[in-house]
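Just so it is clear, the model here is predicted, and its values are computed rather than measured. Along the sequence shown, residues carry numbers from 1. All values below were derived from every heavy atom in this structure, side-chain atoms included, with hydrogens, water molecules and symmetry-related copies excluded.
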Amino acid sequence: MTAPRRLLLVNGPNLNLLGVREPEVYGTETLADVERIAGDAAAARGFEVRAVQSNHEGVLLDAIHEARTDCAGIVINPGGLTHTSVVLRDALSGVSLPVAEVHISDVMKREEFRHHSYVADVAVVHVIGEGVRGYATAVTRLIAVITGQTDN
């Protein structure tokens, strides 16, 4: 059996409001734009993306658990759950898939409570502060890890 050529793209709470929520921080591009950017970056490398966004932690956990059956890796912007959710971190660790953590804003230049990420130690790729274009970077770098190509 061949390895899956699919990534799970996970966007956490409040990311459904991209384009209208704090555009000075997050920009004016929408969640649909994010999903298109990630999908295009994956397609250029022969992968596809299944996207999920939820404001409910359990929905995200279920999607992460399901990914172990048909995905090669996970790209995640956990939103505020980055700083609070041990169970999200445990789900990512538990599925044994490579993870790329992405944040639109530079969380290290924001409020101090945003400086800690529960996801950081399970992620093999970190893309912070590149705006929504960071999703393409995260996808590209994660696929390089998955395929063993490090010349990206």
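A donor-acceptor pair is defined here as one N or O able to donate and one able to accept, closer than 3.5 Å; such a pair exists between the side chain of R5 and the backbone of G46. Remark: the backbone N or O of R89 is not paired with any side-chain donor or acceptor of S93 at under 3.5 angstrom. In this structure, R141 contributes its side chain and H126 its backbone to a donor-acceptor pair below 3.5 Å. A side-chain donor-acceptor contact under 3.5 Å links Q53 to the backbone of G12. Not a single donor-acceptor pair under 3.5 Å links the side chain of N77 to the backbone N or O of N11. The backbone N or O of H116 lies less than 3.5 Å from a partner atom in the side chain of H83, making a donor-acceptor pair.
Using a 4.5 Å heavy-atom cutoff, the side chains of V139 and V102 are not in contact. Between P13 and L60 the shortest side-chain heavy-atom distance falls below 4.5 Å. Residues L8 and E66 fail the side-chain proximity criterion, which asks for heavy atoms closer than 4.5 Å.
In plain terms, the two heavy atoms of P4 and A72 that are nearest each other are O-CB, 3.3 Å. Residues A63 and V52 share a closest heavy-atom pair of CB-CG1, 3.8 Å. For the residue pair A67 and R50, the shortest heavy atom distance occurs at CA-NH2, 3.9 Å. Residue Y118 comes nearest to T84 through the heavy atom pair CD1-N, 3.8 Å, listed as atom of the first residue, atom of the second, then distance. What you find for V59 and S54 is that their closest heavy atoms are CB-OG, 3.5 Å.
A continuous path of hydrophobic side-chain contacts links I143 to V124 [ILVMFWY only; heavy atoms under 4.5 Å]. Criterion: ILVMFWY side-chain heavy atoms under 4.5 Å apart, direct or through other members. Under it, I76 and I146 are not part of a common hydrophobic cluster. Criterion: ILVMFWY side-chain heavy atoms under 4.5 Å apart, direct or through other members. Under it, V125 and V132 are part of a common hydrophobic cluster. Hydrophobic cluster membership differs between V49 and I74, with clusters built from Ile, Leu, Val, Met, Phe, Trp and Tyr side chains linked at under 4.5 angstrom. In the hydrophobic clustering of ILVMFWY residues, with side-chain heavy atoms under 4.5 Å counting as a link, V119 and I64 come out together.
Here salt bridge (Lys or Arg N to Asp or Glu O under 4.0 Å) pairs that include residues 73-82, with residues two or more places apart or in two chains, number zero.
Among residues two or more places apart in sequence or in another chain, the side-chain contact (heavy atoms from CB on, under 4.5 Å) test is passed with E35 by L9, L31, A51. With sequence neighbours excluded, the residues forming a side-chain contact (heavy atoms from CB on, under 4.5 Å) with D33 are E29, T30, R36, listed by chain and number. Every side-chain contact (heavy atoms from CB on, under 4.5 Å) that S85 has, sequence neighbours left out, goes to E57, L81, V87, L88. With sequence neighbours left out, F47 forms a ring-ring contact (aromatic ring centres under 6.0 Å, His included) with no residue at all. Residues forming a salt bridge (charged side-chain N to carboxylate O under 4.0 Å, His left out) with R6 (at least two apart in sequence, or on another chain): E48, D70.
Taking CG from L97 and CZ from R68, the interatomic distance works out to 9.5 Å, rounded to the nearest 0.5 Å.
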Do V34 and L15 pass the side chain to side chain contact (heavy atoms under 4.5 Å, CB included) test, and can you show the C-alpha distance, the side-chain angles, and the key distance before you say yes or no?
CA-CA 10 Å; V34 164; L15 289 163; over 6 Å; no

